[in-house]
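Working notes, beginning with the structure itself.
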Amino acid sequence: MTRTATRPRRTPTPPAQPAEPAAPAEPAAPADPVATAEPAAPADRAAAYAAAEELARRLRALACLPGPSAAPTAWPCDTGLLDWLRRMTYPALYTWAAEENLSRRWIGGDIFGSRRLSRAPEFLAGTDLRRLAPHLVAPLLRRVSMTRPAPSAAELTPAALAADAGRVSTFRRDGAARLWGQPEHTPPLPDTTTIPHVVHGIWLGRPLPESNGFWTNYGAAADSYAGQVDFVLWTDIPRARFDAARATPPAPAGQPDPLAPVRALLTWANTHGIHLVSVAELFHANAPMTLHSPYALELNRGLPQGFAAASDHLRVEVVHRFGGLYADGDLHFLPDVALPPDERADSPEGQGAESPPGGGYRLFRGRWHGPPEADGPARLPELFDRVAASTHGFTLHALTDEIVLNDVILAPAGHPALALWLEGARYNYLRDPRDLYAADTPQPAGSDAPAGSGPPPPPDPTPPPPTSDPPAGSDPPVAGASEWRGEPASWTWAVTAVRTGRVHHWLLARLGIGAADLVKPAPAVRGHSELSWLPPVDGQPPVACPDPDPLPTLVACVDLLRWQHLSRSGDLCLTAVAPLVRGLPEPDTAWTALLLAFGHLSTDLGPVTSVTDRRRNQDQTLDNVILPPEAEALLDRTTTPATWFGSARFGDAGEAGPEATAGREYWFLSERTAPARLLPAAPQAAPGADEKLVNSGHRAHVFGI
C-alpha cells in the first residue's frame, strides 16, 4: 500500500458487499445552486458545443490508430531464467503474439504515444544500470539525486563511483544454498548474495506534503542511519521543476507560489540527506521497466488508487534492478516513535483493527505488539545481513507467521523471485476485473501447493492470440491470494488491491514459501498504515487540472476509457474518468468532446455496449455522472446488446456468483453498469434541438444522494 495524497477519512468505513447488487436509487433533487441554475441560452450552448467539437477534433488529430506496438523493448536474455518463468506462468510468455495481446487487446495500445519512453539523460550515457555492482548503487543514487545539479557522465564512471562506495551486506553461498530453497530447475543465485544498504521510498502524483507521516518517518530514520544506510525517495516530478525551485526566489507574501511544495521537499531532503531520484531518468528507453505500460497507465489515472497501483509496480522494479529495501513511508524505523492514542493497537483485534468475516488477514492501523517485533534484528544493517544470509535471499513484510504484506521488499538486485513477481503482475492485466475477484475468493487452509512440489502443469487455457479474447471464466495462472481468508472492507471498493497489491501472495504460493519461512523485518521496520491510497468515504473529489489546456487531461481520459472498454467487455466506464473531467474548467464541454471523439478513437476496439455512470461511496451515498444534453444525446440507453458487461456471470460455470440483474443494470464493486450504445455524432445536430434534454438540469453534478 503506497502513500498517496488524498483527503483523510472522516468516518469509519462501513462494510461493503462488492459483488452483491446494490439497491438502485433515483437521484434526489439537487440542493446546490449550480444544480438549480437556469439552462444556458441556446447561443451559449451553441458556443459550448462548438468548443467541444474543436476539442474532439484535436483529440482525433493526435491519435494514431491502432497505435504503435508496445511489446517490451528488453526481453530476458537469460534463456534459463526465461524457461523457468514460462514454466511458472504460461508457455506463451515473451512471444510476440502474447505481448501484442497484452498491449493492444487488453491495455488498449498507445494511440497518443503518451507511454513512449524518453531517451537516457546525457549524464547516464554509457552507464548500464542493469549491471551495476551493488557497492556502486548508493553512490550512483547520491550523484543523480535532484537535490543537486545534474552530474556529468565522468562522475558516474565505475571508477568515480567506487571512490565513494556504499555499504553492502554480503553472504557466500555454496552449490546447494544457491538454489534458495527451490527445485533444481530454478535459476540459482550468484555465488555471493550482496545487498546494498539502501532504503527506497516512493511518492507519486505531487510533492510529498509535510502533513504526511512519510515526512517524519523517513527524515528521522535518515538522520539515525546517516553514514550506514542511504535513504532514497523516488518521484515522478521532473528535474526541471527542482532546478526551477532552486533558481527562482519564493513569491512575495500573499502571492501564490506554485514551486513552494518543491522547495519544501528540497529543504527536507537536504536537511536529512535523502536522495530525490527521478523515475523517468533511471527507467528510460535503454533500460525500461518490465511493467512500464501498466505503470504508465495507472499513473495516468491521476487518483490515489492509480498512484498506489503504480507504486505497487515500481517498488518491485526498483528492488529488482538496484537491490536494497523498499519500505512504505508510513512504516516506522525507530523504536521510540510515539503514535497518536487513537491509532495504537495492542493486537490486530484491538482498537483500529478492521476484521473481515471469518478471521485471517486484517488490515489495521497502529502498531503490532508481540512476538513479531522480537523475531527480527533491531537495526537496519543487521536486517540486511540476516536477509542476505537467509535461505531464500529475500524477504517481504512477514508481519506474523500468517500475514505477509507488500509494504516491505528486501532483496539483492536480479533475484529470480522478483522477476517472477513482475511477470505475475503483467499477467494480471490480461484479466477481466470480474475474473480477478472471482479468482480471489477465500481459499481453504492448506489449499496451496506444498513446498518443493515443483511447478504445476501449464495453465489451461494459455493466453489467446491477438485476434481473440480469453473466454469468460477461464482459470489464469495468477490465482487467488495465498491463504487469504476474508476481505477487509476498505479494499472491496477498488480493483487496485487485487490487480496489483496481492501479486506477492500468488508469488509465495507458486514458490512454496510460507510467511514463517521469511525473515521478519520488525523491529527494525515496524508495521503501520495510514491507508492514504483509499478515497474519502464520501467520494473522490475532482482532480484539479494545472494545465489551462484541457487536452492533456482528455488524452489521459481516452487512454483510461480504452483500457476499461477492453477489460470490461465494451463498457464506457465514465466513473473512471469523472474526477479528472470534473476538475477541468469546463467539464460539460469536456464530456461532450470525449463522447464525440471516442467513437472514432475506439474503432479498433469494437462497439460500446454499456455505460458505468453511478458509484456508491463508502458512506453509501451515490455519486452520479450527469452528462450535458449534447453528450447524453450520443448515448442510446434503450438498447440491450446480446453481450455487455453485466450479461455474463464471472467465475466458472455452475459456481455461485453474481449475474446480470433482471432488468437494466448491474452492480459490481459498488458501481452501476447499464446497457447502452454509443451513437455516431450527427454533423448538424445543433444543441437546442431537444428541449426535453435542456430542462434536465444537466449542469448538476449530484453528490451525497
Side-chain angles (χ1 to χ4, degrees), residues 18-19 21-22 101-109 111 293-294 297-298 300-301 303 305-306 309 427-440 464 468-474 476 478 492-500 556-581 594-595 598-599 601-616 623 625 635 637 639-651 657-661 664-678:
N101 189 36
L102 174 62
S103 168
R104 298 188 192 278
R105 298 291 300 170
W106 284 93
I107 294 183
I111 64 172
S293 289
L297 191 69
E298 298 285 2
N300 273 348
R301 290 166 66 181
L303 300 176
Q305 287 183 1
Y427 193 89
N428 264 359
Y429 284 80
L430 286 165
R431 304 174 69 193
D432 185 292
R434 298 165 296 181
D435 171 66
L436 280 168
Y437 267 83
D440 203 57
S468 63
D469 295 330
S474 61
V478 182
T492 60
W493 187 85
V495 76
T496 296
V498 181
R499 194 184 295 278
T500 67
C557 289
V558 171
D559 278 338
L560 292 170
L561 289 175
R562 283 175 57 88
W563 171 33
Q564 295 301 302
H565 181 289
L566 288 170
S567 68
R568 293 168 61 96
S569 305
D571 184 44
L572 186 64
C573 192
L574 301 182
T575 53
V577 300
L580 297 177
V581 175
L594 271 178
L595 267 66
F598 193 73
L601 299 177
S602 61
T603 54
D604 58 323
L605 308 182
V608 168
T609 56
S610 64
V611 170
T612 299
D613 58 0
R614 180 176 297 180
R615 170 176 290 164
R616 189 173 297 281
D623 183 353
V625 175
L635 292 175
R637 297 179 184 265
T639 185
T640 304
T643 301
W644 57 285
F645 187 61
S647 65
R649 80 180 68 180
F650 62 87
E659 302 190 30
T661 50
R664 301 276 310 158
E665 61 182 22
Y666 170 72
W667 286 84
F668 176 70
L669 296 184
S670 298
E671 292 185 329
R672 187 199 72 162
T673 303
R677 184 166 62 100
L678 183 62

query: Do Leu678 and Leu635 come within less than 4.5 Å of each other through their side chains, counting heavy atoms only?
result: yes
query: Any side-chain heavy atom of Arg301 sitting closer than 4.5 Å to one from Pro579?
result: no
statement: Contacts of Thr639 meeting side chain to side chain contact (heavy atoms under 4.5 Å, CB included) (sequence neighbours excluded), chain-then-number -> Asp636, Pro641, Arg677
- prompt: What closest approach, in Å, do Ser569 and Thr609 show between heavy atoms, and which atom pair accounts for it?
  reply: O-OG1, 3.1 Å
Point-to-point distance, once rounded to the nearest 0.5 Å, from CG of Leu594 to SG of Cys557: 5.5 Å
task: Taking all heavy atoms of Phe668 and all of Pro433, pick out the closest pair and write down the distance.
output: CZ-O, 3.6 Å
Test item: Thr500 and Asn428 side chains (from C-beta on) under 4.5 Å apart, heavy atoms: no
field: side chain to side chain contact (heavy atoms under 4.5 Å, CB included) involving Leu297 - partner list, sequence neighbours excluded
entry: Ile107, Arg115, Trp563
query: Can you tell me how far CG of Leu561 sits from CG of Asp559, rounded to the nearest 0.5 angstrom?
result: 9.0 Å
- prompt: Measuring from Leu580:CG to Leu303:CG, what's the distance to the nearest 0.5 Å?
  reply: 5.5 Å
field: From CG (Leu572) to OG1 (Thr673), nearest 0.5 Å
entry: 10.5 Å
- prompt: Relative to the ring of His565, is the ring of Phe598 parallel (under 30°), tilted (30 to 60°) or perpendicular (over 60°)?
  reply: tilted
- prompt: Asn300: what forms a side-chain hydrogen bond (donor to acceptor under 3.5 Å, both in side chains) with it, not counting sequence neighbours?
  reply: none
field: Atom of Leu601, atom of Ile111 and distance for their closest heavy-atom approach
entry: O-CD1, 4.2 Å
- prompt: Would you say the side chain of Asp432 lies within less than 4.5 Å of the side chain of Phe645, judging by non-hydrogen atoms?
  reply: yes
field: Flag side-chain contact, heavy atom, 4.5 Å: Glu298 against Tyr429
entry: yes
field: Partners passing side chain to side chain contact (heavy atoms under 4.5 Å, CB included) against Thr575 (at least two apart in sequence or in another chain)
entry: Cys573, Thr612, Arg615, Val625, Glu671
message: Quick one: does any side-chain atom of Arg499 pair with a main-chain N or O of Arg431 as donor and acceptor, under 3.5 Å?
response: yes
- request: Check side chain to side chain contact (heavy atoms under 4.5 Å, CB included) between Ala674 and all other residues, then give those that pass, not counting sequence neighbours.
  value: none
message: Just to verify, what does Asp571 make a salt bridge (Lys or Arg N to Asp or Glu O under 4.0 Å) with, not counting sequence neighbours?
response: Arg568
statement: When every non-hydrogen atom of Gly108 is compared with those of Arg562, the smallest separation belongs to O-NH2, 2.6 Å
